[in-house]
Amino acid sequence: MLAGLLVGLSAFGQSNEPSDVPPPPPPPPEAGLTPPPMPEAKAPAHKPGPEADWPKFSKGGLLFQIQYGYGVWAMNRALLRMQSSLEDADGFISQTQDTHALQLRIGYNILGHVTLSVDLTATGWDLTSKSVGGAGFLTGSLAWHPLELAFMNKDHRPIPIDVSLLFGAGYGIAGEVRGMDGAVLQTSLFVDYFFVRYFGLGLFFKAHHFLFDKLYRDYYNRSQPGATVTLNQGSGGHYLHFGFTITLRAGD
């Protein structure tokens, strides 16, 4: 009996010892069955940045601008007195008024570098009186866009801002009872920020430089003898206009 117990304990000890024999491999898949493919990792979808909605300035396009602001007269009193009379010079200057002014501008931008445009500026005062006062300037202009030199090889600018320097020439008329007309020169600075491709807001400053060659003592009867004074040296003087710009853009 003791011998049988020893034999049983010996067999139990041998069964708990770790085996060096590797486990059998898993059975092969059945014929015609293949393991399912592993799902491929998808790249995150590309989200366009805000510049996708900004203008492509280098493509050029059509521009329409409305500019509203305040206008200030700066006349050359001494030059007018020298060519006419104290009464004529002071009479014209006293009738001009600093007040609101509006400009409409339409132009075409060429490859982001220059814009050819037509500009109409108007201001007025005493609109309800019998002798309405005001001024109007119609000019053709060329504007240079210097930022295009820095970004001319890029599809988009890092910021949707455009700056332009403008020079123009044309015709102007101004006054109330007394008046003047003739050639004008125009210089301007525009800074515009575009929220989307077709719409922007900005600031502007411009000046019309007078080359008026006639002063009318009575504009409504200017054809009468002695009603017109010729200004052989020009009138001198400026009309300064500053304010806000609304820009509509199309073409790129």
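Nearest heavy-atom pair across Y239 and A101 is OH-CB, 3.4 Å. For the pair Q95 and V177, the tightest heavy-atom approach, listed with the atom from each and the gap, is OE1-N, 3.2 Å. Contact record, M75 with F210: SD-CE1, 3.6 Å, taken as the closest heavy-atom pair.
Note that CZ of R249 is 6.0 Å distant from CZ of F57, once rounded to the nearest 0.5 Å. With rounding to the nearest 0.5 Å, the separation of CG in L102 from OG1 in T121 is 8.0 Å.
Applying the salt bridge (Lys or Arg N to Asp or Glu O under 4.0 Å) test to D88 and every residue at least two apart in sequence or in another chain returns R178, R217. Here F205 pairs with nothing under the ring-ring contact (aromatic ring centres under 6.0 Å, His included) rule; sequence neighbours left out. Scanning for side chain to side chain donor-acceptor pair (under 3.5 Å) contacts around N221 gives D218, with sequence neighbours left out. Legend: residues meeting salt bridge (Lys or Arg N to Asp or Glu O under 4.0 Å) with R222, ordered by chain and number and at least two apart, are absent. Under the side chain to side chain contact (heavy atoms under 4.5 Å, CB included) criterion, N76 pairs with A78, L79, not counting sequence neighbours.
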Can I get a per-line list of side-chain donor-acceptor pairs under 3.5 Å for residues 134-149, giving both atom names and the distance, sequence neighbours left out?
residue : atom : partner : partner atom : Å
T139    : OG1  : Q186    : OE1          : 2.6
S141    : OG   : S117    : OG           : 2.5
S141    : OG   : D119    : OD1          : 2.8
H145    : ND1  : D162    : OD2          : 2.7
H145    : NE2  : N109    : ND2          : 3.4
H145    : NE2  : T115    : OG1          : 2.7
E148    : OE1  : R157    : NH2          : 2.9

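Using bins of under 30°, 30° to 60° and over 60° for the plane-to-plane angle, the ring pair F204/F190 lands in the perpendicular bin.
Cluster membership check: I106 shares its hydrophobic cluster with Y68, using side-chain heavy-atom separations under 4.5 Å among Ile, Leu, Val, Met, Phe, Trp and Tyr.
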